There are 2 protein chains.
Amino acid sequence: MTALDDRSVRPTVTTGPISGSSKEYKEIHGVRVPFRRVHLTNGEHVDLYDTSGPYTDDTAHIDVHSGLSPLRADWIAEREPVNGAVTQLAYAKAGIVTKEMAFVAARENMDPEFVRDEVARGRAVIPVNRRHPECEPAIIGKNFLVKINANIGNSAVSSSIEDEVEKMVWATRWGADTVMDLSTGKRIDETREWIMRNSPVPIGTVPIYQALEKVNGDPAALSWEVYRDTVIEQCEQGVDYMTVHAGVLLRYVPLTAKRVTGIVSRGGSIMAAWCLAHHRESFLYTHFEELCDILRAYDVTFSLGDGLRPGSIADANDAAQFAELRTICELTHVARERDVQVMIEGPGHVPMHKIAENVRMEEELSGEAPFYTLGPLATDIAPAYDHITSAIGAAQIGWLGTAMLCYVTPKEHLGLPNRDDVKTGVITYKIAAHSADLAKGHPGAQDWDDALSKARFEFRWEDQFNLSLDPDTARGFHDETLPAEPAKTAHFCSMCGPKFCSMKITQDVREYAEKHGLSTVDAIEAGMAEKSDEFHDKGDKVYLPVVGD
Amino acid sequence: MTALDDRSVRPTVTTGPISGSSKEYKEIHGVRVPFRRVHLTNGEHVDLYDTSGPYTDDTAHIDVHSGLSPLRADWIAEREPVNGAVTQLAYAKAGIVTKEMAFVAARENMDPEFVRDEVARGRAVIPVNRRHPECEPAIIGKNFLVKINANIGNSAVSSSIEDEVEKMVWATRWGADTVMDLSTGKRIDETREWIMRNSPVPIGTVPIYQALEKVNGDPAALSWEVYRDTVIEQCEQGVDYMTVHAGVLLRYVPLTAKRVTGIVSRGGSIMAAWCLAHHRESFLYTHFEELCDILRAYDVTFSLGDGLRPGSIADANDAAQFAELRTICELTHVARERDVQVMIEGPGHVPMHKIAENVRMEEELSGEAPFYTLGPLATDIAPAYDHITSAIGAAQIGWLGTAMLCYVTPKEHLGLPNRDDVKTGVITYKIAAHSADLAKGHPGAQDWDDALSKARFEFRWEDQFNLSLDPDTARGFHDETLPAEPAKTAHFCSMCGPKFCSMKITQDVREYAEKHGLSTVDAIEAGMAEKSDEFHDKGDKVYLPVVGD
């Protein structure tokens with residue numbers, strides 16, 4: 001029997017559409033692609049990228065004991081390996097546009113051939129294990145929408161299978177593009193099986209955590225064999241990408257000794273401990289090619305982990321961090337040559353003025369492998385608000401080219417995130433990712449902002465709520481001050497009250513402009529476009545003649 | 001009788017030290033300056049900039065009906081006007097270092113002569129009305145710590161005097177450097193009197209709001225005389241800085257007609273409505289010199305308002321916004337020549353890639369007048385999270401040189417902030433401001449981060465909580481997962497559990513480095529410092545010989 005047959009496990013997951021939206025499927029490039037359609041009160045609608053899977057489709061039948069239907073089963077069955085490989089990278093190099101590439105092209109409103117080319121260059125990855133057919137493919141690369149990952153998973157002191165399955169469904173409902181299961185507690189295999197079979201998004205893991213459990217938590221007792229077997233088991237389960245801390249070399253470990261916060265990555269410290277105990281080079285590094293062969297057989301994507309990432313502002317961009325990054329970038333080329341997809345993980349804790357250097361070095365040395373960063377936190381002084389300290393860094397590093405942002409919840413450094421923390425982390429990171437999409441000028445990104453702002457300006461309150469990342473909270477905040485139903489259509493809000501409203505006055509401006517101003521508008525706008533410094537030049541003559549009568 | 005004698009008004013304000021801290025006064029540059037001293041469990045302490053006034057001093061007697069003691073009364077009484085002016089700018093130009101300059105120099109750990117020079121150049125302002133002697137002086141300028149402002153104030157539909165007084169005390173408790181009273185509802189004068197007499201920080205207002213109330217909310221009924229009298233009344237009460245939308249010129253109004261969100265500034269739309277109704281130039285612009293004379297007599301600082309700021313991503317950096325900015329910058333020179341301190345207000349809603357242009361233009365055209373921005377929000381899609389969308393923009397614009405950041409609360413666009421929203425907004429903006437201080441390399445800014453990170457790494461949980469911006473919430477989050485008192489001293493946390501802890505392993509690394517590694521450390525660090533590309537160069541030779549036996 002499989003883990004899902006265990007009736008003593010009874011996950012309750014959140015289903016049903018997001019307020020004001022419905023699931024819309026479109027046939028594009030020969031594949032059926034889901035979108036979140038927001039229905040507006042003026043009869044228009046807005047279609048948004050949708051990570052939530054069948055759970056938000058009120059026509060879908062959800063049974064967590066059966067798992068999701070295998071969307072990709074036929075796609076995988078239909079095709080032959082190329083050059084002995086079944087990876088998206090191998091197909092892309094061979095000039096083949098897979099169904100997965102067509103699917104992500106449709107989601108991103110891009111040309112499938114462009115998608116294939118980005119994957120072939122190794123500048124984008126589509127993490128889809130052939131053993132995870134339930135997954136709706138997503139693409140991670142600097143020339144696509146910035147993606148976000150949500151970490152879940154139990155620990156020795158907390159959580160259950162039910163909690164973790166719902167956290168996965170809940171995180172994707174609010175926009176998580178991938179989910180990492182970082183379980184280190186009990187029943188790791190069963191927990192992961194439940195998550196894999198019910199997840200519409202790619203799932204990532206850090207196999208060294210489970211390997212460590214197998215040797216009762218003693219890093220020195222780890223071996224390549226124990227690790228390899230763990231990786232194969234997780235590949236068989238369908239894990240789509242795996243964090244591998246293969247860049248933590250013995251000679252780099254002493255570089256962390258003088259740090260304020262030493263080694264803060266669990267995987268990094270496990271491997272450092274192993275290297276020190278045996279005074280030998282990391283088995284992840286010495287067996288890297290064998291690891292490539294295993295991942296290639298399933299099309300599992302490498303996420304080369306930054307085990308020596310800084311854990312504080314003081315340690316940002318230091319010798320240990322950059323030494324490891326250089327090694328990771330070498331390994332990226334090794335994996336890519338073997339047709340294995342690769343992304344690279346980044347920090348961590350970095351002040352704003354040191355962020356750009358991370359992206360520049362990663363892109364230059366890895367050949368623009370997708371960068372996947374944790375925040376970074378722009379300051380250390382705000383535990384309980386690290387979703388915010390890190391969103392500041394995440395938005396900037398996303399703008400600079402980071403392809404995926406790993407969320408940080410309010411519980412970072414303090415405890416395990418609960419369901420509410422997961423939502424707060426996801427919404428916060430959707431904000432950072434979308435802000436980056438706007439700054440990168442991603443085609444169509446601003447349409448969402450414009451639709452919401454137009455609704456706001458026209459006092460279409462329900463549309464403003466439903467177009468927002470979190471309609472429930474937006475509506476709730478509005479109703480705290482003005483609960484009355486009429487207020488939802490009222491042409492005023494609680495900030496100014498009914499007697500005076502700046503937006504009302506703006507309506508008058510438009511009527512006025514119709515009468516007097518439009519020629520003036522175009523004239524001055526033209527002048528501005530030339531960046532004419534007319535006002536500046538006559539800096540002394542401040543008082544201009546009064547216009548009109 | 002004054003408003004404070006009204007016993008029917010019974011404000012209850014929050015008093016007592018912040019967890020783990022006490023009020024410490026230091027005698028520096030001949031003035032007595034308050035700090036927040038955080039006491040650590042290892043016997044050390046950290047002194048932080050303190051905006052909270054006597055309310056966090058457990059030896060202070062607080063009676064809101066008497067107001068705070070007039071700290072600056074003697075300083076003001078002792079000195080004569082220079083060149084007919086009593087402004088900090090006039091004294092600075094005359095080479096005089098005032099007590100206020102000495103006070104802010106002590107708070108910022110700067111040289112008083114440097115402070116005087118920055119004020120004389122108009123690159124920094126110290127907003128302190130001579131009629132607000134209770135105020136602890138603060139300096140606002142790009143070469144000082146980035147400041148934050150918290151908006152409070154009632155509206156026609158909500159709030160009371162008691163609420164607003166507590167909001168002011170509460171906001172300064174958590175770090176608000178200034179507070180703006182934006183009341184537009186009932187009893188505006190009494191509300192402001194209560195706030196002025198009990199505020200330890202500079203208070204700002206937007207006089208046009210009260211002027212509008214005087215003419216029953218009809219913008220067309222406004223006049224220079226009504227406005228002037230309102231300004232004089234507020235000067236007499238002690239308001240430290242005033243937002244004046246003098247740059248909204250008649251000919252700019254049509255520039256907003258094609259916008260997605262038109263005019264979203266209340267002051268801006270009031271003046272636009274007046275200009276349209278009379279088809280005449282703004283009285284704020286045509287009477288600007290008289291306004292300078294009034295503000296100079298009290299040393300009230302101009303905050304030249306951006307009435308045409310963008311209300312959406314779509315309208316950022318457009319013709320209307322920049323036309324007004326150019327005019328505001330001209331007026332800055334006019335006021336400065338008349339010895340009146342000036343800062344300039346900025347947007348609003350701006351995507352990340354359009355932020356720098358705002359600072360560049362403001363600095364170039366105004367001669368680096370302190371820039372005071374509202375956010376900016378980096379995206380429009382997250383109502384209920386606009387403290388976060390705006391903190392992303394605020395941190396960046398602060399790094400680029402903005403001197404003060406006006407907070408945004410979670411209720412922005414939705415309703416009036418309550419006490420919890422005020423705290424969330426203040427903490428979020430302290431994060432943005434401190435992140436900017438780090439990125440600017442402000443001397444000593446990183447000491448705070450380092451102290452907290454060191455405590456975190458050494459498992460001094462109580463120190464980590466007490467050093468944080470919000471100790472209560474940090475402690476509360478920790479206790480949700482590990483309530484037991486021993487956990488506060490335990491050398492593990494709920495993320496990894498007791499069996500395995502990355503930080504524990506790092507201790508071993510240090511011992512190892514002591515034995516083997518320290519020469520290696522210095523060698524490799526030196527190599528890194530030269531940015532040696534050794535690893536990169538031998539990019540092909542991936543597998544290095546195993547180190548050691």
Side-chain angles (χ1 to χ4, degrees), chain A residues 156-157 217 250 254 257 260-263 266 269 273 276 279 281 312-314 319 326 351-353 378-380 382-384 392 395 414-415 431 435 438-439 449-450 452-453 457 468-469 473-474 477-478 481 494 497 499-500 502 505-506 510 512-513 517 520-521 525 528 535 542 546-548, chain B residues 156-157 217 250 254 257 260-263 266 269 273 276 279 281 312-314 319 326 351-353 378-380 382-384 392 395 414-415 431 434-435 438-439 449-450 452-453 457 468-469 473-474 477-478 481 494 497 499-500 502 505-506 510 512-513 517 520-521 525 528 535 546-548:
Chain A
V157 299
L250 178 60
V260 168
T261 48
I263 300 176
R266 264 187 291 177
S269 55
L276 297 189
H279 200 75
E281 196 50 273
S312 58
I313 292 298
R326 289 160 190 274
M352 287 188 284
H353 64 297
T379 172
D380 302 338
I392 288 169
L414 299 170
I431 289 168
S435 298
L438 289 177
D449 301 73
D450 294 352
L452 190 145
S453 292
F457 184 67
S468 68
L469 280 173
T473 304
F477 281 1
H478 172 272
T481 324
S494 57
K499 192 167 60 176
F500 169 71
S502 64
I505 284 179
T506 309
R510 292 192 169 176
Y512 174 89
T520 330
V521 177
E525 276 183 348
M528 286 296 160
F535 305 110
V542 170
V546 170
V547 180
Chain B
V157 299
L250 177 61
V260 169
T261 48
I263 300 177
R266 264 187 290 176
S269 53
L276 297 188
H279 200 75
E281 195 50 272
S312 58
I313 292 297
R326 288 160 190 274
M352 288 188 284
H353 64 297
T379 172
D380 302 337
I392 288 169
L414 299 171
I431 289 168
H434 185 74
S435 298
L438 289 176
D449 300 75
D450 294 352
L452 191 145
S453 291
F457 184 67
S468 68
L469 280 173
T473 305
F477 281 2
H478 173 272
T481 325
S494 56
K499 193 167 60 177
F500 170 71
S502 64
I505 284 179
T506 309
R510 293 192 168 176
Y512 175 89
T520 331
V521 177
E525 275 183 348
M528 287 295 162
F535 305 112
V546 170
V547 179

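Since the model is a prediction, treat every value here as computed from it, not as a measurement. Lettering of chains follows the sequences in order, A, B, ..., and the numbering in each one begins at 1.
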Do B:Leu452 and A:Pro383 have side chains that get closer than 4.5 Å, going by heavy atoms? yes
Can you name the closest pair of heavy atoms from B:Asp449 and A:Asp380 and give their distance? OD2-N, 2.7 Å
Looking at every heavy atom in both A:Ala384 and B:Thr473, which two are closest together, and how far apart are they? CB-CG2, 3.7 Å
Which pair of heavy atoms, one from B:Leu438 and one from A:His353, lies closest together, and at what distance? O-CE1, 3.5 Å
Could you tell me which non-hydrogen atom of A:Ala474 sits nearest to which non-hydrogen atom of B:Leu414, and how far apart they are? O-CD1, 3.7 Å
Restricting to side chain to side chain contact (heavy atoms under 4.5 Å, CB included), what partner residues turn up for B:Ala382, sequence neighbours left out? A:Ile431, A:Leu469, B:Tyr385, B:Thr389
Side chain to side chain contact (heavy atoms under 4.5 Å, CB included) partners for B:Ala314, two or more places apart: A:Gln446, A:Asp450, B:Val260, B:Ser312
For the student: nearest non-hydrogen atoms of A:Met352 and B:Ala395, plus distance: CE-O, 3.2 Å
